[in-house]
**Q** 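What follows is a single structure, and I will ask about it in a moment.
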Amino acid sequence: MREEVQGILLRAVERVVREVDAGQLDQLPTLQLGSPKLPEHGDFASNAALGLAGPLRIPPREVAERIVRAIEDPEGLLDRVEIAGPGFVNFFLAQTRWHEVLTRVLRDAEQYGRSNAGGGEPTLVEFVSANPTGPLTIGHGRNAILGDCIARLLEATGSKVTREYYFNNAGRQMRILAESLRARYLQTLGESADLPEEGYQGSYLVETARDLVGEQSDSLRDAEWPVFQQAAEKAIFANIRSTLDRLGIRFDVFFNENSLYEGGLVEQALEDLRSAERVYEQDGAVWLRSTDAGFERDRVLVKSSGEPTYLLPDIAYHREKLRRGFQRLVDVLGADHLEQFPYVRAATAHLGFDADRIEAVYYQWVNLRRGSEVVKMSTRSGSFVTVDEVLDEVDVDVFRYFMVDRRADTHLDFDLALAHERSERNPVYKIQYAHARLCSIERLATERGATFPPPEEVPAQRLSLPEEIELIKSVGRFPEVVLRAARTREPYDVARYLLDLATEFHTYISDGRRHRVLADDPELQAARLALVRGIRIVLANGLGLLRIQAPERM
RNA sequence: GCGCUCGUAGCUCAGUUGGAUAGAGCACCAGGCUUCGAACCUGGGGGUCGCACGUUCGAGUCGUGCCGGGCGCGCCA
């Protein structure tokens, strides 16, 4: 619909430019066709006249008049075109065009909103990627939901998505974890043992230790730490996977950082950077020459001790992902990666890949509150709130919605007190309730013997009230919303849209006198039932994109 | 000290990438269930869009400088 109006506008503008300026105006300002907030400003609005006024040296309103005169609309798409304000050109579509939109919604049904814009592009979405040192915290929860929703959005718009979890089960952190478990194990056996300095104090290790005693009794009393590492890792990973399960998230690949070392890929990445002359040695360390690429400073890749920093395997990993054939990499990262990631991207590009194919979605920290009290989180000190704990108290749907109820780049205040109380204030209920209400109307209609004609035979022209046309317009925007949310990697946009649509429906249906669906007039009833079904389809599809239930009854 | 990010109603946040009269939820006040679901709806009060310059037909949105919160950084994973 938008494209068609855009075409009409473009042709009109070209005609005006040609007649005024004999064609030397080679660069037309890009034409935007906005959706005005106020209905009296039409269905689409163009500011083309304001943009052209300067270059053409004609007052904006006169340009607008010329554009309107030059408009050709052989197919009768438009009802009328008006000039308003400083020179906006407002397009009013013929009502029958909106009726066709409803027909399309009904015809496409569960496919409505999906597209093939991505053209089957192999895309890897990497998210969560928590190391197995403890249960998933609420911060990981935000990552998990964001990543999963982004993956779903990309799938819905035609990308071929792989979900990947990257983790590291080596190094100092795991050693400390193992020592911590050993201490808990000995404690469980009744011996005195202290947690190591900086040990993991979370109670989850106590439980793991208890299980270990149950399985192995005291046979591990003198075991070396790797035994405990294995046990800890196994237990924690099982826990993480069960949490992901509760969230409804499934990964295609769990990628272990170790395999990069084992396959020599880290070494190879360093060598290749060396041959590309992107590194140098100084003070016994190997540095990435990043100031050349516009960065503030160079970064260390290999410390003077010979150990690589985090940066190097990260570079090797991203290169490997591209080598595996993915055309696009999307990483979901916490704000603590804001500084690091650009180097990964730049360095991977130095190895011969297009940096534009590598992108990160950053999300800001989750601030935990219990009422007005702020809860500080740290996995090591054991003061954190896990996803599991929250899921014990609140519905998964609420949790998922909560996590996308704010833009990723703003801090998210998660109030546990609010989450623990049954939280009827949560907007997700409003959306689900709208869906249940719509189902209920259709159910009742069926009970009363109403029939649903095929989409093409719906007497949609009977929907003539302004609020009904507005509802169809809202439903008609859905594919654009999905596409935009997928492109900006912002599931929030979908959540927001659904809430607006639900509210619009509630308002409509609350006025039972004017908007009675089941009425004596069978034609009007059929038309309104079609509208009801159209809204229901969109709410269900939208909730599906966020992997939130669309209940038929509540 | 440097970088990134945010600052909009009492609180939590939107604001369609520079458009027309800045919106919603919560909270507060006043209303609405004999008819398709009141987990909903209607109305009301509440704003120096952090501050100041600048860019232009037009700025909450872009630029610069301050102020304030968050995150990160000076061979630590």
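Heavy-atom basis, side chains included; hydrogens, waters and symmetry copies ignored. Note that this is a predicted model, so its numbers are computed, not measured. Sequence lines set the chain letters: A, B, ... in the order given, protein chains first and strands last, and positions in each chain run from 1.
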**Q** Answer yes or no: are there more than 12 heavy-atom neighbours, outside A:Gln549 itself, under 6.0 Å from its atom CD?
**A** no

**Q** Please report, rounded to the nearest Å, how far the P atom of B:G72 is from the CG atom of A:Leu311.
**A** 18 Å

**Q** Between C1' on B:A39 and OH on A:Tyr401, what's the gap in Å once rounded to a whole number?
**A** 14 Å

**Q** Using Watson-Crick or G-U wobble geometry with both distances below 3.5 Å, tell me the partner of B:G58, or none.
**A** none

**Q** If the P atom of B:C51 is compared with that of B:C67, how far apart are they to the nearest Å?
**A** 15 Å

**Q** With no angle test and no hydrogens, is the base of B:G19 tied to the side chain of A:Asn47 by a donor-acceptor pair under 3.5 Å?
**A** yes

**Q** In this structure, are over 12 heavy atoms from other groups packed under 6.0 Å from A:Glu552 atom CD?
**A** no

**Q** Taking the same atom, P, in B:G50 and in B:G10, what whole-Å distance lies between them?
**A** 13 Å

**Q** A:Ala445 near the nucleic acid: base, sugar-phosphate alone, or nothing, with a heavy-atom cut-off under 4.0 Å?
**A** nothing

**Q** How do A:His41 and A:Leu518 order along RNA chain B: which one's closest nucleotide is nearer the 5' end?
**A** A:His41

**Q** Separation of A:His506 atom NE2 from B:U42 atom C1', in whole Å?
**A** 15 Å

**Q** B:G37, B:C75, B:C41: which one has an atom nearest the side-chain heavy atoms of A:Ser510?
**A** B:C41

**Q** Please report, rounded to the nearest Å, how far the P atom of B:C75 is from the CD atom of A:Gln340.
**A** 13 Å

**Q** Tell me, which pairs form a salt bridge (charged side-chain N to carboxylate O under 4.0 Å, His left out) where one or both residues lie in residues 471-488 of chain A, sequence neighbours left out?
**A** A:Arg2-A:Glu480, A:Asp43-A:Lys473, A:Glu470-A:Lys473, A:Arg484-A:Asp493

**Q** Taking it one step at a time, do A:Asp298 and A:Tyr280 satisfy side-chain hydrogen bond (donor to acceptor under 3.5 Å, both in side chains)?
**A** CA-CA 10 Å; A:Asp298 293 338; A:Tyr280 64 92; 2.7 Å; yes

**Q** Kindly point out which of B:C36, B:G19, B:A38 is positioned nearest to the side chain of A:Phe88?
**A** B:G19

**Q** With a 4.0 Å cut-off on N to O distance, would you call A:Glu447 and A:Arg443 a salt bridge?
**A** no

**Q** Between A:Arg496 and A:Asp405, does any side-chain N to carboxylate O distance fall below 4.0 Å?
**A** no

**Q** What integer number of Å spans the P atoms of B:A24 and B:G47?
**A** 15 Å

**Q** If you look at every strand shown and take non-hydrogen atoms under 4.0 Å, does A:Arg448 touch a base, only sugar-phosphate, or nothing?
**A** nothing

**Q** Could you state the atom-to-atom distance from CD of A:Glu504 to C1' of B:C40 in whole Å?
**A** 15 Å

**Q** Quote, to the nearest angstrom, the C1' distance that separates B:C62 from B:G43.
**A** 39 Å

**Q** Which heavy atom in A:Gln525 sits nearest to a heavy atom in A:Leu518, and how many Å separate them?
**A** OE1-CA, 3.5 Å

**Q** Take atom CZ of A:Arg345 and atom P of B:C4, then tell me their distance rounded to the nearest Å.
**A** 15 Å

**Q** Atom CD of A:Glu281 to atom P of B:C75: distance rounded to whole Å?
**A** 17 Å

**Q** Once each nucleotide of nucleotides 7-17 of chain B is scored for protein heavy atoms under 4.0 Å, what B/S/- sequence comes out, 5' to 3'?
**A** -----SSSSBB

**Q** Taking the side chain of A:Leu50 as heavy atoms from C-beta outward, which of B:G19, B:C71, B:A20 is closest to it?
**A** B:G19

**Q** What is the distance from CG of A:Leu301 to P of B:C76, rounded to the nearest Å?
**A** 14 Å

**Q** With a 4.0 Å cutoff (strictly under), does any side-chain N or O of A:Lys430 reach OP1 or OP2 of B:C41?
**A** yes

**Q** Could you tell me if A:Arg80 sits above the aromatic ring of A:Phe92, with its cationic atom closer than 6.0 Å to the ring centre and no more than 45 degrees from the axis?
**A** yes

